[in-house]
Novice: 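Got a structure for you, questions after.
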Amino acid sequence: VNKFIDIASLRVEYSTKRFNPEDANPNPYKQFDEWLKEAVYADVPEPNAMTLATITEANTPSARIVLLKGLDERGFTFFTNYNSAKGLAIKKNPHVALVFCWLELQRQVRIEGIAEKLPAAESDAYFSARPYGSQIGAHASPQSSVIANSTVLEQQFEYFTKKYPEGKVPRPENWGGYLVKPQLIEFWQGRASRMHDRLQYTQRDGRWLIQLLAP
Ligand SMILES: Cc1cc2nc3c(=O)[nH]c(=O)nc-3n(C[C@H](O)[C@H](O)[C@H](O)COP(=O)(O)O)c2cc1C
């Protein structure tokens, strides 16, 4: 009942939180994991939602939300249609940026790096773990293409439901994961009077350099 009030009080609490270089995990993946866990415990809605920015063929920026589906020492993983607008953009220019925004914790994480396709076996493993409807949807939707009306899409969905029974849906070749290998990760902790804490990790000769940035 008092969920709204609880969230407000959490906010007050966190505005006094600091993020100092001496508190930072030397490994940015572990630091990210800690913050993501805290976002989950704080009931942030869709805490793994992130903005993905790409560069189009015309050299213009383009951004949309996708879901983070994996994190390890290689980088950050998400899944999509390889022939979508973002997929084609990445093919031309693999430089991407990711942004997480956890307002309940007054936190932001910014990532810049290079996207590459996940090995097919890993995309297969994730695809086979998805719900049946999502698997069919991946076949039915030519993501980012203009379609005449939604009936076309429904007919496609119908068609693939008949073609592939539950448990027997192969991964479409044009659907899979991307791994974003980060070159820069910035952690931002909001503080009073705009005196925010910003810590930037950058790759230097296989090691992570940690620097404090002015807010
Ligand atoms: C909360 C949320 C999560 C989303 N997750 C994904 C995702 O994981 N993969 C994906 O392809 N699209 C996802 N989308 C849809 C994308 O934002 C976007 O509409 C779609 O991928 C087409 O983008 P594009 O035309 O720029 O390629 C999500 C949207 C929202 C609002």
Side-chain angles (χ1 to χ4, degrees), residues 7 29 32-33 35-72 74-105 107-150 152-154 156-157 160 164 169-182 185:
I7 289 171
Y29 301 111
F32 182 89
D33 187 53
W35 276 27
L36 180 57
K37 269 185 205 141
E38 288 178 24
V40 171
Y41 297 147
D43 282 335
V44 171
E46 306 235 38
N48 57 330
M50 58 189 186
T51 299
L52 161 72
T54 53
I55 303 161
T56 68
E57 212 172 324
N59 253 335
T60 55
S62 177
R64 79 290 286 154
I65 307 276
V66 293
L67 296 178
L68 178 71
K69 284 294 173 177
L71 170 67
D72 57 34
R74 296 173 304 169
F76 299 80
T77 299
F78 65 91
F79 290 87
T80 193
N81 187 315
Y82 289 138
N83 294 336
S84 65
K86 73 181 92 49
L88 299 180
I90 289 168
K91 197 170 178 181
K92 275 273 170 194
N93 187 336
H95 288 265
V96 300
L98 305 172
V99 185
F100 291 86
C101 179
W102 298 312
L103 290 177
E104 286 81 348
L105 303 176
R107 283 175 174 171
Q108 169 184 247
V109 179
R110 300 177 54 245
I111 295 156
E112 292 171 10
I114 306 284
E116 60 179 47
K117 282 186 184 175
L118 264 193
E122 289 182 50
S123 289
D124 289 340
Y126 177 70
F127 187 79
S128 66
R130 297 183 89 206
Y132 178 60
S134 307
Q135 292 177 336
I136 295 294
H139 281 276
S141 168
Q143 193 178 57
S144 314
S145 302
V146 175
I147 50 173
N149 52 53
S150 57
V152 179
L153 208 58
E154 281 149 25
Q156 283 296 300
F157 195 90
F160 284 106
Y164 302 124
V169 192
R171 174 175 66 88
E173 253 178 51
N174 64 317
W175 192 98
Y178 284 104
L179 172 70
V180 177
K181 292 155 73 176
I185 308 182

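All values reported here derive from a predicted model rather than from experimental measurement. What you see below is based on every heavy atom in this structure, not just the backbone, and it leaves out hydrogens, waters and symmetry mates. Indexing begins at 1, ligand by ligand and atom by atom, following the structure's order.
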Novice: In the structure I gave you, are the side-chain heavy atoms of V66 and K86 within less than 4.5 Å of one another anywhere?
Specialist: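 Heavy-atom side-chain distance check passes, below 4.5 Å.
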Novice: Evaluate the criterion ring-ring contact (aromatic ring centres under 6.0 Å, His included) for residue pair Y164 and Y132; output intermediate values, then yes/no.
Specialist: CA-CA 10 Å; Y164 302 124; Y132 178 60; 9.2 Å; no
Novice: Quick one, I114 and H95 - any side-chain contact, counting heavy atoms below 4.5 Å?
Specialist: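 Counting from C-beta outward, I114 and H95 do come under 4.5 Å.
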Novice: Quick one, L71 and F76 - any side-chain contact, counting heavy atoms below 4.5 Å?
Specialist: yes
Novice: N/O to N/O below 3.5 Å, does that happen between V66 and ligand 1?
Specialist: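 In fact, backbone or side chain, V66 has no N or O that close.
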Novice: Is K86 close to ligand 1, meaning an N/O of one under 3.5 Å from an N/O of the other?
Specialist: yes
Novice: Starting from atom 18 (C) of ligand 1, locate the nearest protein heavy atom and write down its residue, its atom name and how far away it is, to 0.1 Å.
Specialist: R64 CG, 3.9 Å
Novice: Protein heavy atoms near atom 23 (O) of ligand 1, is at least one of them under 4.0 angstrom away?
Specialist: yes
Novice: Any heavy atom of F78 sitting closer than 4.0 Å to ligand 1?
Specialist: no
Novice: Find all atoms of ligand 1 within a distance of less than 4.0 Å from any non-hydrogen atom belonging to A85, and give their numbers and elements.
Specialist: 24 (P), 25 (O), 26 (O), 27 (O)
Novice: Would you check, one step at a time, whether the test ring-ring contact (aromatic ring centres under 6.0 Å, His included) holds for Y41 with W102?
Specialist: CA-CA 12 Å; Y41 297 147; W102 298 312; over 10 Å; no
Novice: Find out whether the Lys NZ or Arg CZ of K69 is both under 6.0 angstrom from the six-membered ring centre of Y126 and within 45° of the ring's axis.
Specialist: no
Novice: If we set the cut-off at 4.0 Å for heavy atoms, which region of Q143 has an atom near ligand 1: side chain, backbone, both, or neither?
Specialist: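 Q143 to ligand 1: side-chain contact only, backbone stays beyond 4.0 Å.
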Novice: Which of these passes side chain to side chain contact (heavy atoms under 4.5 Å, CB included) with T54: I90, T60, L88?
Specialist: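 With T54 as partner, I90, T60, L88 yield a single side chain to side chain contact (heavy atoms under 4.5 Å, CB included), made by I90.
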Novice: Short list, please: which atoms of ligand 1 are under 4.0 Å from a heavy atom of F79?
Specialist: 7 (C), 8 (O), 9 (N), 10 (C), 11 (O)
Novice: Under 4.0 Å from a heavy atom of T80: which atoms of ligand 1 are those, numbered in the order shown and with their elements?
Specialist: 10 (C), 11 (O)
Novice: N/O of L67 under 3.5 Å from N/O of ligand 1, yes or no?
Specialist: yes
Novice: Any idea which protein heavy atom is nearest atom 16 (C) of ligand 1, and the distance to it?
Specialist: I65 O, 3.2 Å
Novice: Quick one: which ligand 1 atoms are inside 4.0 Å of a heavy atom on S144?
Specialist: 24 (P), 25 (O), 27 (O)
Novice: Does D33 use its side chain to pair, donor to acceptor, with the backbone of L36 at less than 3.5 Å?
Specialist: no
